[in-house]
J.: 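Can you keep this structure in mind? I'll have questions shortly.
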Amino acid sequence: AQSVTQLGSHVSVSEGALVLLRCNYSSSVPPYLFWYVQYPNQGLQLLLKYTTGATLVKGINGFEAEFKKSETSFHLTKPSAHMSDAAEYFCAVISSGGSYIPTFGRGTSLIVHP
Amino acid sequence: DSGVTQTPKHLITATGQRVTLRCSPRSGDLSVYWYQQSLDQGLQFLIQYYNGEERAKGNILERFSAQQFPDLHSELNLSSLELGDSALYFCASSGNRSSSTDTQYFGPGTRLTVL
């Protein structure tokens with residue numbers, strides 16, 4: 001079984017501040033981990049993913065995430081928030097070795113204040 | 001623009017009815033995925049097709065069915081609709097491998113309202 005917990009349904013930051021969106025997962029086998037962004041009235045767009053190898057993953061738009069197995073976490077960060085980052089962010093997990101069945105977190109809405 | 005198209009954009013229907021949602025994947029993509037996004041359930045994976053064959057099945061109700069045609073477009077059929085089926089339905093596609101880690105490209109979604 002696999003599950004994802006995103007801490008905080010809303011995160012508010014000022015423009016230029018650090019963005020930190022938290023994701024914790026559970027998986028009985030090594031996971032594949034994903035972060036997606038959803039802008040209003042649009043579908044999801046992949047920001048980054050971890051499959052194997054380097055645990056610090058860089059994605060689009062200046063985002064990165066670090067896979068920490070000991071903490072079962074995959075938090076998303078960006079050093080400096082921009083107004084255009086305001087969106088809904090979803091963390092997802094797929095258990096490796098099986099068929100494709102992803103589990104998504106409930107999402108975190110990022111609010112960026114000028 | 002992801003290259004994935006979905007029709008219609010909006011659909012309003014009544015309980016007990018049947019609807020068909022259509023998805024055209026990106027050119028060359030063999031995998032199609034269907035998702036349901038609702039306030040109650042969040043984002044749920046429904047089903048995946050790869051080159052016409054069902055590959056994975058998630059939380060898809062028996063009242064729902066899908067297929068992928070030889071031209072690779074896909075349809076999601078929802079029948080005996082209930083109020084709780086009101087949601088945003090997304091289609092996504094991915095490349096010519098059937099790997100779990102392929103990047104998926106999402107369409108803009110079909111918003112279904114059941115009255």
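Residue numbers begin at 1 in each chain, while the letters A, B, ... track the order of the sequences. These numbers come from a predicted model, not from an experiment.
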J.: Per the ring pair (Phe, Tyr, Trp, His ring centres under 6.0 Å) rule, which among B:Tyr89, B:Tyr35, B:Tyr33 passes with B:Phe106?
T.: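 Going through the options one by one, the only one that passes is B:Tyr35.
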J.: Could you tell me which portion of B:Tyr105 (side chain, backbone, both or neither) has an atom closer than 4.5 angstrom to a non-hydrogen atom of chain A?
T.: neither
J.: Does A:Phe63 have A:Lys78 sitting over its ring (NZ/CZ under 6.0 Å from centre, angle to axis within 45°)?
T.: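 Judged by the rule, A:Lys78 and A:Phe63 form a cation-pi pair.
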J.: Check whether B:Leu39 gets within reach of chain A through its side chain, its backbone, both or neither, counting any heavy atom under 4.5 Å.
T.: backbone
J.: Under a 4.5 Å heavy-atom cut-off, does chain A meet the side chain of B:Gln6, its backbone, both or neither?
T.: neither
J.: Can you check side-chain contact (heavy atoms from CB on, under 4.5 Å) on B:His73 and B:Gln68, steps first, answer last?
T.: CA-CA 6 Å; B:His73 91 272; B:Gln68 186 179 26; over 6 Å; no
J.: Can you see whether A:Thr51 engages B:Thr101 through a side-chain donor-acceptor pair at a distance of less than 3.5 angstrom?
T.: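 Looking only at side-chain atoms, B:Thr101 and A:Thr51 do not form any donor-acceptor pair under 3.5 Å.
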